[in-house]
Amino acid sequence: MKNNSHGGNIYKKAKELGMDENKILDYSANISPLGLPEHIRNAIIAAIDGTINYPDPECTELRKAISKEDGVEPQCISCGNGGADMLYRLAFGLKPKKVLLPVPAFVEYEEAMTAAGAEMVYYAMKEDLLIREDITEWITPETDLVIICNPNNPTGLLTKRELIIKVLEKAKKTDTMVMIDECFLEICREEAEYTVKPWIEQYDNLMILKSFTKLYAIPGVRLGYLLSGNPQIIEKVNRSGQAWSVSHIAQCAGVAALGNPEYKQAVIDTVEKELDFMKEELKKLPLTLYDGKANYLFFRTSGITDLDKQLEHYGIMIRNCSNYVNLGNDYWRVAVKAHGDNLRLIAALKEILL
């Protein structure tokens, strides 16, 4: 069993290093480089007085805002306490017995599914770490659920929509559910070319996982949701968690987030610019870089297995990917942050690797 650690535990790392947490650069969590936007900060502050009451268990206003943003009906939306909460709700609500997962992939999928008693079947991607059309051959009548992360976490690589539609078609024939994790897709400029949201009502076996964490830089608020055109799926997911899983503050933050499209565009522009810069700089180093499209980059340092520990001496945290299935202990993921921070990371990497 692999060590199921996650990135982003800056409080624990600050204690280990004896450093002020504000002086650590956390490249292990993929959060918007623009930080918490002012309109969401103001909404959170304004919502404090409302915490004297229980939050709306149906997330009415939040689902209306999501409906407008994603182009789906409000009844197709289930909200929860972050994307991870939705995974556990899905796992315990639907109770799939056999789950097909292309690997490497976000470790929380396996944690949630196996906690609910599921057996994992791994589709091991080749050296280029891309999903190929032969994945449809892995979908059988015994497959209850297929999970695809698009773009993939940790690689940042995209799976073409045409291939996902083929997966949906095969899964429809075998009575298999399909969940597409699009939590990072909205940060990609190519979102419209890859999202399967327009197919949410056409395929009643399709579910889409979304989160406010990455784009809006509010991981501490905890807010995620699931889209499905199948009312039975929504009902089962809703009933698998407690009624007040989304706090009043989180609901208000979500409504405010979706009311300011200018921030989203600014994040996309910043990430695209810094992603290009970081790729060019990393290509100058002795490592294998994957051409990711998300707000993080994935690379391999053949033979160097302690890069994370070396970077800690520079006050920098990166994601050690050794606990991902189908990866070794020399694979790493780094977030895309503000330009000054990225310069500091690149300088540290040059000192270590050159």
Yes or no on side chain to side chain contact (heavy atoms under 4.5 Å, CB included) for I139 and V178, after CA distance, side-chain angles and deciding distance?
CA-CA 10 Å; I139 303 172; V178 179; 6.0 Å; no
Looking at CG of L158 and CG of L163, how far apart are the two atoms once the value is rounded to the nearest 0.5 Å?
12.0 Å
Would I268 and Y216 show up in the same hydrophobic cluster when neighbours are defined by side-chain heavy atoms closer than 4.5 Å?
no
Is a side-chain N or O of D181 found less than 3.5 angstrom from the main chain of C149, in a donor-acceptor match?
no
Membership question, hydrophobic clusters at under 4.5 Å side-chain separation (ILVMFWY): are I234 and V196 in the same one?
no
Quick check: does any side chain N or O of Y88 sit under 3.5 Å from a backbone N or O of G241, one acting as donor and the other as acceptor?
no
I'd like to know if L185 and Y203 are part of one continuous hydrophobic network [Ile/Leu/Val/Met/Phe/Trp/Tyr, side-chain heavy atoms within less than 4.5 Å].
no
Pairs flagged by ring-ring contact (aromatic ring centres under 6.0 Å, His included) wherever residues 136-189 is involved - sequence neighbours left out:
Y123-W138, F184-Y296
Are any side-chain N or O atoms of S240 and backbone N or O atoms of V237, one a donor and one an acceptor, separated by less than 3.5 Å?
yes
Closest non-hydrogen atom pair between L311 and A348, with its separation
CD2-CB, 3.7 Å
If you measure from CG on L226 to CE on M179, what distance do you get to the nearest 0.5 Å?
7.5 Å
When L87, I147, L101 are each screened for side-chain contact (heavy atoms from CB on, under 4.5 Å) with F106, the one that passes is L87
N/O donor-acceptor pair under 3.5 Å between T270 side chain and V267 backbone
no
Quick one: does T288's side chain have a donor or acceptor within less than 3.5 Å of a partner on F299's backbone?
no
Roughly how far, to the nearest 0.5 Å, is CG of L223 from OG of S247?
8.0 Å
Taking all heavy atoms of R319 and all of V107, pick out the closest pair and write down the distance.
NH2-CG2, 4.4 Å
Looking at CG of N329 and OG of S322, how far apart are the two atoms once the value is rounded to the nearest 0.5 Å?
6.5 Å
Is there a donor-acceptor pair closer than 3.5 Å between any side-chain N or O of N342 and the backbone N or O of M278?
no
Quick one: does N326's side chain have a donor or acceptor within less than 3.5 Å of a partner on V103's backbone?
yes
Note: Y263 and H39 closest approach over all heavy atoms is CB-CE1, 3.8 Å
By side chain to side chain donor-acceptor pair (under 3.5 Å), N81 pairs with (sequence neighbours left out) none
Taking E191 as the fixed residue, which of K197, R161, K293 is the one that meets the salt bridge (Lys or Arg N to Asp or Glu O under 4.0 Å) rule?
K197
In plain terms, say whether K166 and E169 are close enough for a salt bridge, that is, a side-chain N and a carboxylate O under 4.0 Å apart.
no
Please tell me whether I31 and V334 are part of a single hydrophobic cluster in this structure, the criterion being side-chain heavy atoms less than 4.5 Å apart.
no
E193: partners by salt bridge (Lys or Arg N to Asp or Glu O under 4.0 Å), with sequence neighbours left out
none
Apply side chain to side chain contact (heavy atoms under 4.5 Å, CB included) to L327 and F298, showing your working.
CA-CA 12 Å; L327 292 181; F298 178 73; 3.8 Å; yes
Quick check: does any side chain N or O of N205 sit under 3.5 Å from a backbone N or O of T176, one acting as donor and the other as acceptor?
yes
Taking 4.0 angstrom as the limit, do D291 and K279 come out as a salt bridge?
yes
Residue that, paired with R333, satisfies side-chain hydrogen bond (donor to acceptor under 3.5 Å, both in side chains) out of T155, N153, N320:
N153
Nearest non-hydrogen partners of I77 and I66, listed with the distance
CD1-CG2, 3.6 Å
Ion pair D144/K98, N-O distance below 4.0 Å
no
From L227 CG over to I200 CD1, what is the distance, rounded to the nearest 0.5 angstrom?
5.0 Å
Which atom pair, heavy atoms only, marks the closest approach of T159 to Y194?
O-CD2, 3.3 Å
Might you work through the salt bridge (Lys or Arg N to Asp or Glu O under 4.0 Å) test for D269 and R189, ending with a clear yes or no?
CA-CA 8 Å; D269 292 342; R189 193 174 296 279; 2.6 Å; yes
For D175, all residues meeting salt bridge (Lys or Arg N to Asp or Glu O under 4.0 Å), sequence neighbours excluded:
none
Atom OG of S211 and atom CZ of R222: how far apart are they, to the nearest 0.5 Å?
6.5 Å
Please check if V221 and I45 belong to a single hydrophobic cluster, counting links between Ile, Leu, Val, Met, Phe, Trp and Tyr side chain heavy atoms closer than 4.5 Å.
no
List in chain and number order the residues that pass side chain to side chain donor-acceptor pair (under 3.5 Å) with T51, two or more places apart in sequence or in another chain; answer none if no residue qualifies.
none
Between E186 and K214, is the closest basic N to carboxylate O distance under 4.0 Å?
no
Between V121 and T143, does a side chain to side chain contact (heavy atoms under 4.5 Å, CB included) hold up when you go through it step by step?
CA-CA 9 Å; V121 177; T143 309; over 6 Å; no
Under the 3.5 angstrom rule, does the side chain of D70 hit a backbone N or O of V72 as a donor-acceptor pair?
no
Residue pair A294 / P151: nearest heavy atoms and the distance that separates them:
CB-CG, 3.8 Å
Pairs meeting criterion ring-ring contact (aromatic ring centres under 6.0 Å, His included) with involvement of residues 55-74, two or more places apart
none
So, the side chain of K95 versus the backbone of F92: is there a donor-acceptor pair under 3.5 Å, distance only?
yes
